[in-house]
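These notes concern the structure reproduced below.
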Amino acid sequence: MTTGTLITVAPTGAESAKAEVPALPVTLDELLLTAKECEALGAAVIHVHIRDGEARPTLDQGRLRETVAALREATDLIVQLSSGGAVTDPEADRLAVLDAGPDMASCTMGTLNFGDDVFLNRWEFIVDLHTRMQERGIVPEYEIFDLGHLTALQRLLGKYGLPAGGHVHVDFVMGVPGGMPGTTPALVAAHQALRDLPEGTTFSATGIGRSTIPVMLASLSAGGHLRVGMEDTVTYAKGRPVESNMQLVARAVGFAQLAQRPPLTTAEARELLGVPAAGR
Ligand code: KMH
Ligand code: ZN
């Protein structure tokens, strides 16, 4: 059944350089301000990558813990840490992200070419992430960059059981050079492949770069949810750089309202995803 729209903001990512994209939130203060404003606009989940003092991507454990605590203090957002990190991050550091105790963490379901790089996600690594999240009550968001990743997810759940919280939620990340394209036919194919996953599986979608708007519209019309943010798009329209993550969230909220599927509150999002209530 179609519900309201879960809106996730992915404000930073690991790919864009602050020097080239000055509006990118990279300090804790910038991230907190972004989080509060995006929550006020209608976001319910924040997908977090952090940066070091030089604005370079980092998985520093102290910074991750500080970030999780500060986001919980300042907002009711569901805090989802990226376990994907940057393509250069070692597996051990990516697994250790879970030690920072987020509500959710991403779990990419396979290896792919990522532009000129390789985003490595070996089967044994995926199993480690999934089972550790089960043990610790961290709810995964399975990142699906290509159709075969859904087959891998079906295999994972068949062998190792449902995730923490019992609900399966996937995010179609579309338009990465090396993954599925950010098009309506690709989204329809991915949506249809959800048939083979547990009943009630939900999906969000995000389109990289110029595929943002087509993917957003296709996802809404197929009953899906939305992820937006400067991790995925730094151009608002042809020749117009994104001014802030809030601009992208506001646009997503507008589309969701037009589709008569208004944004879910953080409490509704927790219920949908099986994330325990905020302890504030
Ligand atoms: N930065 C990409 C290599 C995730 O956050 O889990 C991986 C990524 C996926 O962004
Ligand atoms: Zn990410």
Side-chain angles (χ1 to χ4, degrees), residues 7-18 21 24-26 31 34-35 38 43 45-52 55-60 63-64 67-68 71 77-98 100 102-122 125-126 128-130 132-133 138-146 149 152-153 156 163 169-180 182 203-209 211-212 215 225-234 245 248:
I7 296 185
T8 298
V9 61
T12 310
E15 278 70 42
S16 290
K18 178 79 170 171
V21 186
L24 200 68
V26 294
L31 183 67
T34 299
C38 290
V45 178
I46 186 162
H47 170 85
V48 179
H49 290 253
I50 61 166
R51 301 292 177 101
D52 67 14
R56 290 176 307 218
T58 178
L59 294 180
D60 178 80
R63 278 182 189 261
L64 283 171
T67 302
V68 171
L71 284 167
L77 291 169
I78 296 170
V79 179
Q80 180 190 104
L81 288 183
S82 166
S83 73
V87 286
T88 45
D89 284 321
E91 289 181 347
D93 294 0
R94 291 172 57 193
L95 277 173
V97 163
L98 304 181
D103 300 309
M104 294 183 78
S106 56
C107 178
T108 295
M109 287 310 304
T111 296
L112 71 151
N113 287 320
F114 197 87
D116 296 344
D117 299 308
V118 175
F119 182 24
L120 186 68
N121 294 284
R122 295 181 311 112
F125 175 70
I126 293 170
D128 269 356
L129 264 177
H130 174 78
R132 286 187 200 196
M133 281 197 253
I138 298 171
V139 174
E141 175 178 272
Y142 299 103
E143 306 298 337
I144 307 298
F145 288 75
D146 217 340
H149 292 183
L153 178 56
L156 183 77
H169 180 71
V170 306
D171 179 40
F172 301 147
V173 186
M174 310 180 73
V176 169
M180 62 182 152
F203 73 99
S204 296
T206 184
I208 303 300
S211 68
T212 296
V215 166
H225 301 279
L226 304 179
R227 171 174 125 171
V228 293
M230 295 179 72
E231 170 165 349
D232 302 332
T233 321
V234 292
N245 282 285
L248 295 172

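If you're wondering where the values come from, they're calculated on a predicted model, not measured in any experiment. Just so you know, ligand 1 is whichever comes first in the structure, and atom 1 is the first atom listed for that ligand.
Between Asn245 and Thr34, the side chains place no donor N or O within less than 3.5 Å of an acceptor N or O (distance only, hydrogens not considered). Side-chain contact check for Thr233 and Thr212: at least one donor-acceptor pair (N or O, by modelled atom type) lies under 3.5 Å. Using a 3.5 Å distance cut-off with no hydrogens or angles, the side chains of His130 and Tyr142 do pair a donor with an acceptor.
Contacts of Glu231 classified as salt bridge (charged side-chain N to carboxylate O under 4.0 Å, His left out), with partners at least two apart in sequence or in another chain: Arg227. Asp52 meets the salt bridge (charged side-chain N to carboxylate O under 4.0 Å, His left out) test with Arg56; sequence neighbours excluded.
Looking at every heavy atom in both residues, Met104 comes nearest to Pro140 through CE-O, 3.9 Å.
Annotation: ligand 1 has protein neighbours Glu15, His47, His49, Ser82, Gly84, Gly85, Val87, Ser106, Thr108, Phe114, Phe119, Glu231, each with a heavy atom less than 4.0 angstrom from the ligand.
When atom types are taken as modelled, the side chain of Thr12 and the backbone of Val26 share no donor-acceptor pair closer than 3.5 angstrom. In this structure, the side chain of Thr206 does not engage the main chain of Val173 through any donor-acceptor pair within 3.5 Å.
Closer than 2.8 Å to the Zn ion (ligand 2) sit the protein N, O or S atoms His47 NE2, His49 NE2, Glu231 OE2.
Exactly one residue among Gln80, Met133, Arg132 makes a side chain to side chain contact (heavy atoms under 4.5 Å, CB included) with Ile138. That residue is Met133.
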